[in-house]
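Structure first, commentary second.
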Amino acid sequence: MSQTSGLLDEVQGVVQGHRDGHGFISRDDGGPDIYLPPNEMRAVLHKDSVKARIVRSDRKGRPEGRVLEIIERSAQPIIGRLLQESGVWLVAPEDKRYGQDVLIPRGATGNARAGQVVVVELVEPPALYGQPVGRIAEVLGEVDDPGMEIEIAVRKYSVPHIFSHACLEQAKALPEAVRAQDFAGRIDLTDVPLVTIDGEDARDFDDAVYCEPATLGRGKTAAKGWRLLVAIADVSHYVENGSAIDIDAYDRATSVYFPRRVIPMLPEKLSNGLCSLNPEVDRLCMVCDMLVTQEGAVYAYQFYPAVMWSHARFTYTEVAAILGNTRGPEAIKRKELVPHLLNLHGVYESLLKARQQRGAVDFETTETQIVCDENGRIEKIVPRTRNVAHRLIEEAMLAANVCSAQFIAQSKHAGLFRVHEGPTPEKLETLRAYIKALGLGISLGETPKPGDFQSIAKATQDRPDALQIHAMLLRSMQQAIYTPANSGHFGLAFDAYTHFTSPIRRYPDLLVHRVIKAVLAQSRYQLPVLPIPGEAHAKLARRLEKGRAGKASEAAAKPKKASAENMGWQAAGLHCSANERRADEASRDVEAWLKCKYMYEHLGEEYSGVVTSATSFGLFVTLDAMYVEGLVHITELGGEYFRFDEVRQELRGERTGIRYAIGTRVDIQVSRVDLDGRKIDFRLVQNGLASGPKTLLDRVPAPSRSARGKAGPAPSAAAPSRKAARGKSSTGVAKKAAAKSKAPRKRR
């Protein structure tokens, strides 16, 4: 297989369909994507693995391909609406990237009724002159059933949501509570007033904290400091290596969070019961016991298994209220624990000094929470405000995670690190050009440090375009991944970092616990036999390999051949990283659908908002009151020609010179909602004039914008559901349904 991009090269990759009928091939060799015109997409489907030949380049030099061979058909089922047209049964895929309806023979509809949402299993793939044929494998229900958007998402993204029989039977056999024999070999901390601090809606509690003043050192060198205990649920005690529960947990790799529903990594008996650090019951835990200086440095630490008894279940709101007023009603209710909360706040202030000293990146972002009614419909979207209690717990968890990473690294034992590398050269160059264009008078060197980014953020925080600058700083950074090769955490400014604090909901944390226990026992942890990463992991695998090769060339050395053990850890890291992405995508998809459904009820209404992204085809605007994002297409910006300035990340009118960039405030009208496509369209109310009179606009929804598929960042949240109305026919069968049907979480 050729690695170049010349004409007539043959390449392999995975087809990525597009809702407009064309597609792309995501190449296995890491080269640029190859465009597939609509006629080349007739015999293939989204996610098929193919071999293709590059036959030409378009005007911009982008390669265009011809499919030579279908290597492997995607095993992922297709979800859609069952429809009957002219006596013919077919399923219109919910995911428009599939491009073709699936024909269903009369005897293959099962007990499904017209209009229901179904899961289709293909029995005949598409051909140049024939549509794909399938059978109904599962009926999900009516499109308006409560929670249907979640049922669709878990199947659309292949999220494992049913525990195996063996897993459930094994969970059933576990004890209901901690037994006397479980105390063996553990430190008894039941008299230590450890407490949990979580959100109001939390159901599983995997971390508890306690702090007291301490004296560090002896004699004349003695200094005041803190003793901080972070106790984490000991999931590894109950989930044995390679057991049925372990296999299901690895397959999921993470819990998936939707509005009103969680798909847990572990069975409920463990996640909400035996492992959860519920108040006033004995629980097994792994403890990171730290001594912290007044300047926030970890003076010493140790790990040990223990038994704890949570003395209280606090919420973030409650703790923030107590710390804000130690004589208020919340403090009076918890009088005995208030001194311990004040100690926790003391160690937090010390840890915060250390964060600022090392220059960790800390941009404030607005996270949102969707509040639904009993039927799963959005009642309101509210901002999640991070108070002092959130930050207190975050700093305590970061400290424990760093100690875990150092402990594993110093032991020379293999494990998974949470790695966040600095910006790629390409992203760094884009950022430099942007900063120069703004005339900030600040420069970034060849190898910038996290503190450089934080300095820029701090120096520009009072500027009117601060939002725009901070957004560009964030976009320049890479995503964090799990890998056995420790490269540090750029954003947090740590030389070594891992995840230790959430083994109930993250598999990497469970592996870290097992490694720590093995090191304490002076033995070596052996990974169970893990599956080889599939297509979902291909891009991550290429990125890791590229990074290793680059570092090896810098050191003028060839990359060492990985051992079988190291390859196993690499596979585990790829799997956990890819499934983390999958969980995020599924959550965003559901949130986008809910937001679209919500905005569908507000068609024609006017709101104020702020530009959160500028692209060559328009502006993405986030509404102030609703925290919903939509697109103002470039044709809605007024009667002049706009040019996209890639360096400044803005649209500028040629005649008036009016500019739209990140942070620009605008007034908009909700003009169109596309549920199936998860997209919302806005139109400007003021024709771009900040204080001009509002334009009288009609209330008819605007037509869809195919240009939305062009290059540029995708909306983080966006538009409504699917209509059953059908369009024109193709090859004798009516072809498609006319209409179409996403909120973030920090991942460190």
Side-chain angles (χ1 to χ4, degrees), residues 197 206-211 214 216 225-233 285-304 344 346-362 390-422 449-451 453-454 477-478 480-503 506 508-520 569 573 576 746-748:
I197 305 174
D206 45 18
D207 59 84
V209 289
Y210 167 77
C211 184
L216 312 182
W226 306 100
R227 183 189 180 197
L228 172 63
L229 269 65
V230 174
I232 306 299
C285 60
M286 282 294 294
V287 178
C288 181
D289 191 338
M290 296 166 276
L291 293 176
V292 181
T293 69
Q294 292 286 353
E295 289 70 40
V298 177
Y299 180 81
Y301 67 86
Q302 61 177 326
F303 289 92
Y304 50 82
L344 282 167
V347 76
Y348 156 69
E349 289 184 320
S350 294
L351 291 169
L352 195 58
K353 290 180 191 174
R355 169 190 275 269
Q356 294 165 349
Q357 182 65 31
R358 68 176 186 272
V361 177
D362 189 18
H390 287 88
R391 296 184 176 93
L392 183 157
I393 289 298
E394 180 180 353
E395 288 300 326
M397 297 306 115
L398 290 178
N401 286 336
V402 171
C403 291
S404 305
Q406 291 177 353
F407 187 71
I408 294 172
Q410 289 168 5
S411 72
K412 307 296 183 185
H413 196 298
L416 284 184
F417 294 92
R418 182 68 167 175
V419 167
H420 179 234
E421 296 184 337
K449 295 176 180 170
F453 284 74
Q454 188 64 16
M477 297 186 186
Q478 301 186 57
I481 58 171
Y482 296 106
T483 171
N486 176 34
S487 302
H489 196 294
F490 181 84
L492 296 173
F494 288 130
D495 294 330
Y497 186 71
T498 193
H499 277 166
F500 164 78
T501 54
S502 297
R506 292 190 304 226
D509 302 53
L510 176 55
L511 291 176
V512 166
H513 277 232
R514 289 172 175 168
V515 170
I516 289 174
K517 280 187 173 182
V519 175
L520 291 174
W569 282 102
C576 293
K746 283 187 182 178
R747 292 275 196 176
R748 286 183 162 167

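Since we're looking at a predicted model, the values are computed, not measured.
- Under the 3.5 Å distance criterion, the side-chain polar atoms of Q478 are matched with a main-chain donor or acceptor of G422.
- Of the possible polar contacts, one joining the H513 side chain to the F500 backbone as a donor-acceptor pair under 3.5 Å is found.
- Within the 3.5 Å criterion, the main-chain N or O of H489 finds no donor-acceptor partner in the side chain of D495.
- Between C285 and A231, the closest heavy-atom pair is SG-CB, 4.0 Å.
- Of all heavy-atom pairs between V419 and A485, the closest is CG2-O, 3.5 Å.
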- [ ] For L291 and Y301, run side chain to side chain contact (heavy atoms under 4.5 Å, CB included): C-alpha distance rounded to whole Å, both residues' side-chain angles, the deciding distance at 0.1 Å, then the answer.
- [x] CA-CA 6 Å; L291 293 176; Y301 67 86; over 6 Å; no
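- Counted within 6.0 Å of CD on Q302, heavy atoms from surrounding residues, nucleotides or ligands total more than 12; the atom is thus considered enclosed.
- A donor and an acceptor atom, one from each side chain of Y304 and D289, are located under 3.5 Å apart.
- Formation of a donor-acceptor pair under 3.5 Å by the E295 side chain with backbone atoms of K353 is not found in this model.
- Here F417 and Y482 keep their ring centres 6.0 angstrom or further from each other.
- In this structure the side chain of V209 reaches within 4.5 angstrom of the side chain of L344, judged on heavy atoms.
- Residue T498 comes nearest to A405 through the heavy atom pair CG2-N, 3.5 Å, listed as atom of the first residue, atom of the second, then distance.
- To the nearest 0.5 angstrom, L398 atom CG is 11.0 Å from I393 atom CD1.
- Across all their heavy atoms, E421 and S487 have their closest contact at OE2-OG, 3.5 Å.
- M290 has its side chain within reach of V230: a pair of non-hydrogen atoms, C-beta onward, lies under 4.5 Å apart.
- Inter-residue side-chain proximity for W226 and L216 is flagged as unmet; no heavy-atom pair is nearer than 4.5 Å.
- The existence of a salt bridge linking R355 and E394 is confirmed by a sub-4.0 Å separation between a basic side-chain nitrogen and an acidic carboxylate oxygen.
- Remark: R514 pairs with D246 by the salt bridge (charged side-chain N to carboxylate O under 4.0 Å, His left out) rule, at least two apart or across chains.
- Nearest approach of V515 to I408, heavy atoms of both residues: CG1-CG1, 3.9 Å.
- Looking at I516 and F407, their side chains come closer than 4.5 Å, going by heavy atoms from C-beta outward.
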Task: Test side chain to side chain contact (heavy atoms under 4.5 Å, CB included) applied to H420 and L492, step by step - done: CA-CA 9 Å; H420 179 234; L492 296 173; over 6 Å; no
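- Using a distance-only test at 3.5 Å, with no hydrogens or angles considered, a donor-acceptor pair links the side chain of S350 to the main chain of Q294.
- T293 places a side-chain N or O within 3.5 Å of a backbone atom of A297 that can act as its donor or acceptor partner.
- Proximity of a side-chain donor or acceptor of R418 to a complementary backbone N or O of T483 within less than 3.5 Å is not detected.
- In this structure the side chain of L351 reaches within 4.5 angstrom of the side chain of V292, judged on heavy atoms.
- Counting only residues at least two apart or on different chains, the side chain to side chain donor-acceptor pair (under 3.5 Å) pairs with a member in residues 397-411 are N401-Y497.
- Nearest heavy-atom pair, C403 versus V298, reported as atom, atom and distance to 0.1 Å: SG-CG1, 3.9 Å.
- Taking SG from C288 and CD1 from I232, the interatomic distance works out to 8.5 Å, rounded to the nearest 0.5 Å.
- Between M477 and F453, the closest side-chain pair of non-hydrogen atoms falls below 4.5 Å.
- With rounding to the nearest 0.5 Å, the separation of CG in L511 from CZ in R506 is 12.0 Å.
- When side chains are defined from C-beta on, C211 does not count as touching Y348, because their heavy atoms never get closer than 4.5 Å.
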